[in-house]
Each structure stands twice: as structure tokens, then as C-alpha cells.
2 protein chains.
Amino acid sequence: MPGPDQHNPRGEADLIWLRPERVRRERPSLSRDEITRTAIDLADRDGLEAVSIRRIAAALGAGANSLYWYISSKDDLYELMADEVIGEIALPDPPSGDWRADLRAIAHNTQETFSRHRWFVLLGIQPGLGPKTRRYGQVAMACLDNLHLDLNTKINMLAALNNYLFGFAHRETAWADLQKRTGLTEQQWNDRLRGMIDHAAHQDTELAEHMTARLQLPGEEPFEFGLTCLLEGIAALTNRSPTPRPS
Amino acid sequence: MPGPDQHNPRGEADLIWLRPERVRRERPSLSRDEITRTAIDLADRDGLEAVSIRRIAAALGAGANSLYWYISSKDDLYELMADEVIGEIALPDPPSGDWRADLRAIAHNTQETFSRHRWFVLLGIQPGLGPKTRRYGQVAMACLDNLHLDLNTKINMLAALNNYLFGFAHRETAWADLQKRTGLTEQQWNDRLRGMIDHAAHQDTELAEHMTARLQLPGEEPFEFGLTCLLEGIAALTNRSPTPRPS
DNA sequence: TTGACAACCCGTACATCGTACATCTAACGT
DNA sequence: ACGTTAGATGTACGATGTACGGGTTGTCAA
């Protein structure tokens, strides 16, 4: 990484979504799509840190720097990957009309997709303006339609939900990485953790309790619990007044 | 990064928190603390990607690889940084007794600390078993004490809250990074975004609305909104401390 | 048919990274 | 006095992202 680079001499906001994909003439053997899919496969199999320009190129049978014709930086690639992942989330389209059920479904599908691509939350990228992301936002919005709320409130609701989903996914990812970092299988890792807790319990009950707490954090039940809290809270706020104010 | 490395031939779960800091004899000029603080300062000033072993060493006036005596890998360093950041969060200790107010305070302080160290959520590390993190968990637990819930429920509540906080911080960080990536000042960036929205509104009103929505996501008001939702939902689920409001 | 120009691809090169390893120095236990 | 070890360093290796310049092929005007 040769220096920060001023990166934008002309002051253009250079988002990939505002640039058209280069038109396919005849020769091109690559495309943004292929590149993105290959990158995602690599990340799924070997983790995000295994995603390198060279490796993608190699997997595509292309030269090392060929990709730079289609993307202008690795961050661009990340943005493409993010949008693609968002696109994998199954959506209730059209919404059923029951906003709570719809949001719950979206939440579950999102969680499921995130856990198939655990690296997602490590991209450090807010899914931006890509087409798949926009569709996601659009459908989520539509789920709230017959509540007749103002735009601002709807946005806040969905943001809260998404924040929760991101946070949960982050925790899961971090746990998985921690386990991987030790080089143990999941079984070995769990056994060892239990052992550590038992051992700690003898000299430091507080530590043992703390570890127990952390141990059970990822999983179905805590996810459901938090999700229910959020939806319940949203419902409470909408029943009250059109513009809820924090106490 | 020379290969994955099996990393743990003997199958030891090698967490930094289970190893004592090397005892200080006389000569040592470095310490985990100094290293951690230097790393944090670097990250605050120049971003997480500017945190390299060599740069930290240079900043400490030490040789390139001296740090490896104190930490055994860069991931270890991340763990130390995370614990340190958690330690900066102001806590209501002892709790006031009003669990809602206490959790709200913790949430605000956490958010405030995270936004001073935006790189935190990019560590890809779940704050683990470090002393500061344990204290955080301990105090948060104590806030729920006089609700007399079972351990499991309390853990789920705090997890939900923390997930939300992580998610929100992630969004803020991602936005800030996006802006930085364009190389524009915040002012320029906002102007440009507004311009893009206005421009988009002519040909694609849906896109314009979508961008508007995203534009306002980080900020005080959405944070407060989601936080209130969560606390309200928690209250509803415990049907302790009932929300006295017939719609 | 020819030539110019663009689209596309790739090889080389550079700065930088994490860290394994061998080695040096100075304090310590005996 | 002397070996042992804690602490610090230098060198080296395999990677990485990407700037750059030159190649190759297709398209289109003349």
C-alpha cells in the first residue's frame, strides 16, 4: 500500500455505483459479476483475509492486474461484494400487510444470509447505493406502508432493526474468528471453554460467570429475544403518538 | 503474512488474558500498556490501517520487532486495544437503581466512546475476557439487579443492547470511512451528496429518496429512537416497570 | 485496405506488511 | 565467575495493493 494518496485530485465523489460498468464489446473475458462472485466464494471458503486481487485473478485464470480494468480499487470490490450479499436476502415481496411478521421474516433472512457470509460485517462498508441494497430498502419500507407513518419515523425504525442485525452478526463473526484463530475445531473449542470455565470457577467465580455469559451469546435464542424486544418497542412507540419523543 | 499456520500445535487455547504479563525486571523499556496506548493513538489519528507493528515500534523509539516480546501477534494487540477502549466508557457505578436510566446512560457513553474510536468495530474482535471488559459486563449486570430476573434473561437483554450499539457504531464508522475515501472534507462531502440527490431526483425519484434516507442515518435522533425502542421493548417483556400508557 | 484509436490485458516494480528466526546485550541466580 | 535467561534488534521471506507502461486485439473512419 504505497502511501495514502490524495485519491481525488478533482474532488469528484467517485462511488462505483455512479460509474457505469464498462460496456461489453467482444473481447472481455471478465465482468464485475464474475469478479464479485469469485471474491465471495473465496471469502466464504477461506475468510476475508484470503481475498486478494491476485488470488481472484488466479481463480479466474486472468493476469494479476487485469481486474483493475473493472474495479478501481479493492474498496470498490468490497462494495460490490456487499451489494451482492444483500441481494441474497430473501424478501417478502410483496409484503403480507402484517408489518411485524414481515420485519421478522426480513430479520431472520438477513441473519441467515449474514451467517453464510460471516465476513460481511468486517468489510467496514455500509451497504451503499447498489441496486440490490436499494431493493432491500424499498421492500423494507413497503412493509411499513399501511402504518401510515412519516418517512422519517419509518427510516428510524428500519435503521434500528438493521443496527441490531449488524451488531448480532458482528458478534457471531467475532466468535467464529476467535475459535478459528485458536486452530481448534468447534468441538474442541467448546470443550476447552467449558474446561476453562470450570477451572476458573474454583478461583474466580465472577470470571467464570462472565465467561458463561459470553459463551451463550451467539445462537438462536438471544437473537430471538433481542428481535422481539425491538419489534415490541417499535409497536409501543407507534401506538403512542405520531412523533414519539424519547423520555 | 506467510501462510495460515496451524497456529496451535499443542492445542492450547492461547488467549492473551490467560497469560500473565511478563514480569518487569529492570531493563524493560516497553510494556503492554504503552504499546496499546500508542496503537490507539495511531488508529485515532490515521485510521486502523495505519496501525502496523513497525509504526508502533517507531513511535516508541524501539526496534521493529521488539513488540513481539510483549504480544504474540497482531491479533493480541487488537484484543488489548479493544479492552482499553471498553475501559474508557464511563459507567454508573454503583447503579442508581433505575435500570432504564442506567442502561440509557451506559448506551450513551458507549456510543460516545465508540465514536471517539471509530475503528473499534472494525477490529473484528469480540471484546473478550479482558479486565476492563469484565468490569463493563459486571456493572451492566448490576443495573438489572433489582429486577430479579434469571441470569439468562439478563444476559439476553444486555446482549440485545450491545448488539444495537455495535450496529449503530458500525454504521457511523462506515459512513465516515466512505467520506474519507472520497478525500473530501465533511462539508464538501455533504454538499456533494445533496447535489447528487438533487440531480438524481430528476431522473430517479426512488433513488433520491433512498439516498435521502441513508444520508440521515447516523446522528443523534436515530440513535435515540432505536435505543428507546429497545428499552421500551425490554420493559414490555419483563412487565416490570410497566409503561403507564393506554394508547 | 489501411491506419488510428480505444478497450482490454498483463508483467514489472515498489513500498509495505506480519512475523519467523538467529543473534546480540545486559541483568540475574548460583 | 559464569552460565542462563529476559529483553531488544536485524535480517529475511512471502505476501499484499496498486501505479505504470507497454502489449494485444477489436472497431470504425477514411
Side-chain angles (χ1 to χ4, degrees), chain A residues 1-9 14 16 19-32 34-35 39 42-43 46-79 81 123-124 181 183, chain B residues 1-9 14 16 19-35 38-39 42-43 46-79 81 123-124 181 183:
Chain A
M1 277 161 282
D5 284 38
Q6 67 286 5
H7 220 262
N8 223 330
D14 170 40
I16 192 172
R19 284 193 314 270
E21 177 163 12
R22 337 259 347 186
V23 276
R24 181 165 199 130
R25 290 232 298 230
E26 274 309 310
R27 265 200 314 117
S29 60
L30 270 43
S31 72
R32 277 189 187 171
E34 284 174 288
I35 295 174
L42 256 171
D46 303 320
L48 186 58
E49 78 281 1
V51 175
S52 82
I53 301 284
R54 285 173 230 256
R55 256 199 279 262
I56 297 171
L60 287 168
N65 276 3
S66 312
L67 309 192
Y68 279 106
W69 185 256
Y70 299 92
I71 59 174
S72 70
S73 78
K74 208 185 179 188
D75 284 326
D76 265 14
L77 176 61
Y78 285 162
E79 206 113 15
M81 291 170 77
L123 289 182
R181 208 142 30 96
Chain B
M1 279 162 282
D5 281 38
Q6 67 286 4
H7 219 261
N8 224 329
D14 170 41
I16 193 172
R19 285 192 313 270
E21 179 164 11
R22 335 259 344 188
V23 275
R24 181 161 201 132
R25 292 228 301 228
E26 274 308 312
R27 261 200 316 117
S29 61
L30 270 45
S31 73
R32 278 188 186 171
D33 250 36
E34 284 173 289
I35 295 174
T38 311
L42 255 171
D46 302 321
L48 187 58
E49 79 281 0
V51 175
S52 82
I53 301 285
R54 287 173 227 257
R55 256 198 280 261
I56 297 170
L60 286 167
N65 277 3
S66 312
L67 311 191
Y68 279 106
W69 186 255
Y70 299 90
I71 60 174
S72 70
S73 76
K74 207 186 179 186
D75 284 326
D76 265 13
L77 176 62
Y78 285 161
E79 207 114 14
M81 291 169 77
L123 288 182
R181 208 141 34 90

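Lettering of chains follows the sequences in order, A, B, ..., and the numbering in each one begins at 1. Because the structure is a prediction, the values reported are computed rather than measured.
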Can you give me the N/O atom pairs linking the protein to nucleotides 10-13 of chain C at distances under 3.5 Å, or say none if there are none?
{"residue": "C:dC10", "atom": "OP2", "partner": "A:Gly63", "partner atom": "N", "Å": "2.7"}
{"residue": "C:dC10", "atom": "OP2", "partner": "A:Ser66", "partner atom": "OG", "Å": "2.4"}
{"residue": "C:dG11", "atom": "O6", "partner": "A:Asn65", "partner atom": "ND2", "Å": "3.0"}
{"residue": "C:dT12", "atom": "O4", "partner": "A:Asn65", "partner atom": "ND2", "Å": "3.3"}

Could you tell me how far apart [X] ([atom1]) and [N] ([atom2]) are, to the nearest whole angstrom?
X       : N      : atom1 : atom2 : value
B:Ile53 : C:dC21 : CD1   : C1'   : 16 Å
A:Tyr68 : D:dA19 : OH    : P     : 7 Å
A:Leu48 : D:dT16 : CG    : C1'   : 13 Å
A:Ile35 : C:dC8  : CD1   : C1'   : 12 Å
B:Lys74 : C:dC17 : NZ    : C1'   : 8 Å
A:Leu42 : D:dT16 : CG    : C1'   : 14 Å
B:Asp46 : C:dT16 : CG    : C1'   : 15 Å
B:Ile56 : D:dA8  : CD1   : P     : 15 Å

Under-4.0 Å side-chain N/O to phosphate OP1/OP2 contact, [X] with [N]:
X       : N      : value
B:Arg55 : C:dT16 : no
B:Trp69 : D:dA8  : no
A:Tyr70 : C:dC8  : no

Are A:Leu77 and A:Leu67 close enough that some pair of their side-chain heavy atoms sits under 4.5 Å apart?
no
Restricting to non-hydrogen atoms, name the atom on [X] and the atom on [Y] that form the minimum distance, rounded to 0.1 Å.
X       : Y       : value
B:Arg55 : B:Ala50 : NE-O, 2.7 Å
B:Ala64 : B:Ala57 : O-CB, 3.8 Å
B:Ala39 : B:Ile56 : CB-CD1, 3.7 Å
B:Lys74 : B:Ile53 : CG-CD1, 4.3 Å

With sequence neighbours left out, write down each residue that passes side-chain contact (heavy atoms from CB on, under 4.5 Å) with A:Asn65, or none if nothing qualifies.
A:Tyr68
I need the B:Glu49 CD to B:Leu42 CG distance, nearest 0.5 Å.
10.5 Å
